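These figures come from a predicted structure and were not determined experimentally. In what follows, chains carry the letters A, B, and so on, assigned in the order in which the sequence lines appear, proteins first and then strands, with residues in each chain numbered from 1.
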Amino acid sequence: MIRLGLCCTFADEPIKFATTTATAVGRLDRAVGLAKLSALCLANADALLQALHFCAQRGIGCFRVNCQILPLATHPQLGYAVDELPAGDQIVEKFRACGSFARARGLRTCFHPDQFVVLNSQRPEVVAASLRELEYQSEVAEWIGADVVNIHGGGAFGDKPSALDRFARALDRLSDRARSRLTVENDDRVYTPRDLLPLCAATGIPLVYDVHHHRCHPDGLTEAEATAQACATWQREPLAHLSSPLAGWQGPGPQRHHDYIDVGDFPECWRQRTLTVEVEAKAKELAVLRLQRELTAAGWPLRGDSPPW
DNA sequence: AGCGGTCAAGTTGAT
DNA sequence: ATCAACTTGACCGCT
């Protein structure tokens, strides 16, 4: 059974997550700034519940939460703990309500911090900021019952074995809350599945298999081999990523994402799997719903409302 | 009210 | 040495 996942935002549905900028908040007094941020966090908790309702209603079994759900939470100057916000209690309560809803409807949720999280950086301040970011996202993940906080391997710095070793050692600095949710994903320029599988074996961190990245940056493993080995790193339902190239596989910049998924890009070797497939496509929910229709027409078993993994 | 420039953060590799 | 690519639109300050 395949569970399809939607990433972060909507193309057509009027569900919006609010953001702000450090420049704007930095101009305000601390208290005024916190009041503004508090309102944004509250609005985002409401938007998340709407997003989950949409997914439940349309049989989309997984939703990825935007990493800016609590805007500027880890900013070096403007960052805050949620209990510093005027509506802090209410915010946590609303996120916990999202968690209850997701659990009741069998929806999976996950996080994917952006490229600034580099656990194997050679710069200690970058690693420290990355750990801080993972702790923040894992706190929200706990509120909403998300089981995955997924990151990339980071940089190679001219020496992948050393870089992977630094990655492994940084894990020891995470709380249980963060470490138990952390996963690592192959990317399209540095780390392949083959590079990451030994790290996963050594640390117990699951591998999120991005088949599009693997096609852009192959490593000698077939898709079936990479899928099998990635799935074996999971003690629960595995997670994978799928995209189609912007202008076809022969076109320029195949690593760039298309608006929709070409159903021909869906790996045949996923057919017998129980798997969450996050759809990374610019047309967002429209792309997920179209893929859902096409897979169903092709006889693939899909699930969006079954009990949690 | 509408417009357009701007946005916290890291790393790689193309030019 | 510089800069786009990752995500991409929404915000904010100016008229």
Which whole-number value in Å describes the distance from [X] [atom1] to [N] [atom2]?
X	N	atom1	atom2	answer
A/D188	C/dA4	CG	P	18 Å
A/D114	C/dG9	CG	P	16 Å
A/D187	C/dT7	CG	P	12 Å
A/Q115	C/dA5	CD	C1'	9 Å
A/Q68	C/dT8	CD	P	13 Å
A/R189	C/dA4	CZ	P	14 Å
A/K36	C/dA10	NZ	P	15 Å
A/H152	C/dC6	NE2	P	12 Å

Quantified in whole Å, what is the [atom1] atom distance between nucleotide [N] and nucleotide [M]?
N	M	atom1	value
C/dT7	B/dG2	P	32 Å
B/dG4	C/dT8	C1'	16 Å
B/dA8	C/dC11	C1'	15 Å
B/dG5	C/dC6	P	22 Å
C/dC3	B/dT6	P	14 Å

- Given side-chain hydrogen bond (donor to acceptor under 3.5 Å, both in side chains), test A/D195 with A/T192 step by step and report yes or no. CA-CA 5 Å; A/D195 291 329; A/T192 63; 3.1 Å; yes

- Message: Between A/D187 and A/H217, is the side-chain hydrogen bond (donor to acceptor under 3.5 Å, both in side chains) condition met? List the steps.
- Response: CA-CA 8 Å; A/D187 62 75; A/H217 189 201; 4.6 Å; no

- Centroid-centroid under 6.0 Å between A/Y191 and A/H152 rings: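 Centroid distance A/Y191-A/H152: not below 6.0 Å, so no.
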
- Should the pair A/F63 and A/F17 be assigned to parallel (<30°), tilted (30 to 60°) or perpendicular (>60°) ring geometry?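 Judged by the thresholds at 30° and 60°, the geometry between A/F63 and A/F17 is parallel.
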
- Item | Backbone N/O of A/V208 and side chain of A/T183: donor-acceptor pair under 3.5 Å |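 Here the side-chain-to-backbone pair does not exist.
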
- Task: Using side chain to side chain donor-acceptor pair (under 3.5 Å) as the criterion, point out the one residue from A/R64, A/E185, A/H241, A/E278 that pairs with A/H112.
- Result: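 Of all the options given, the one that passes is A/E185.
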
- Opposite nucleotide pairing with B/dA8, Watson-Crick or G-U, both atom distances under 3.5 Å: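 With both distances under 3.5 Å required, B/dA8 matches none.
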
- Partner of A/L164 by side-chain contact (heavy atoms from CB on, under 4.5 Å), out of A/L199, A/V184, A/N120: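 With A/L164 as partner, side-chain contact (heavy atoms from CB on, under 4.5 Å) holds for just one option, A/L199.
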
Once you apply a heavy-atom cut-off of 4.0 Å, does [X] come out as touching a base, just sugar-phosphate, or nothing?
X	result
A/H257	sugar-phosphate
A/L78	nothing
A/T23	sugar-phosphate
A/R64	nothing
A/F157	sugar-phosphate

side-chain N/O [X] vs [N] OP1/OP2, d < 4.0 Å:
X	N	result
A/K16	C/dA10	yes
A/R256	C/dC6	yes
A/K282	C/dG9	no

- Task: State whether A/R179 and A/D172 are salt-bridged, where the test is any N-O pair (Lys NZ or Arg NE/NH1/NH2 against Asp/Glu carboxylate O) under 4.0 Å.
- Result: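 Answer for the salt bridge query: yes.
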
- Task: Measure across A/R108 and A/P238 and return the closest heavy-atom pair with its distance rounded to 0.1 Å.
- Result: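 Of all heavy-atom pairs spanning A/R108 and A/P238, the closest is NH1-O, 3.5 Å.
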
- Query: Of the non-hydrogen atoms in A/L49 and A/C98, which two are nearest, and what is the gap between them?
  - Reply: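 Minimum heavy-atom contact is N-SG, 3.6 Å.
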
- Query: Which comes earlier along DNA chain C counting from the 5' end, the contact point of A/F17 or that of A/Q255, where each point is its nearest nucleotide?
  - Reply: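 Whichever sits nearer the 5' end wins; that is A/Q255.
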
- Let me know, please, whether A/H213 or A/T21 comes out on the 5' side of the other along DNA chain C by nearest nucleotide.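 Between the two, 5'-proximity favours A/H213.
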
- Item | Over 12 foreign heavy atoms within 6.0 Å of CG, A/D159 |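 Counting other residues, nucleotides and ligands, CG of A/D159 exceeds 12 neighbours.
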
- Query: Taking any atom under 4.0 angstrom from a heavy atom of chain A, which nucleotides of DNA chain B are the first and last to qualify, 5' to 3'?
  - Reply: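 With heavy atoms of chain A under 4.0 Å away, the range is B/dC7 to B/dG13.
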
- For DNA chain B, what residues of residues 122-129 of chain A have any heavy atom nearer than 4.0 Å?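 The answer is A/R123, A/V126.
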
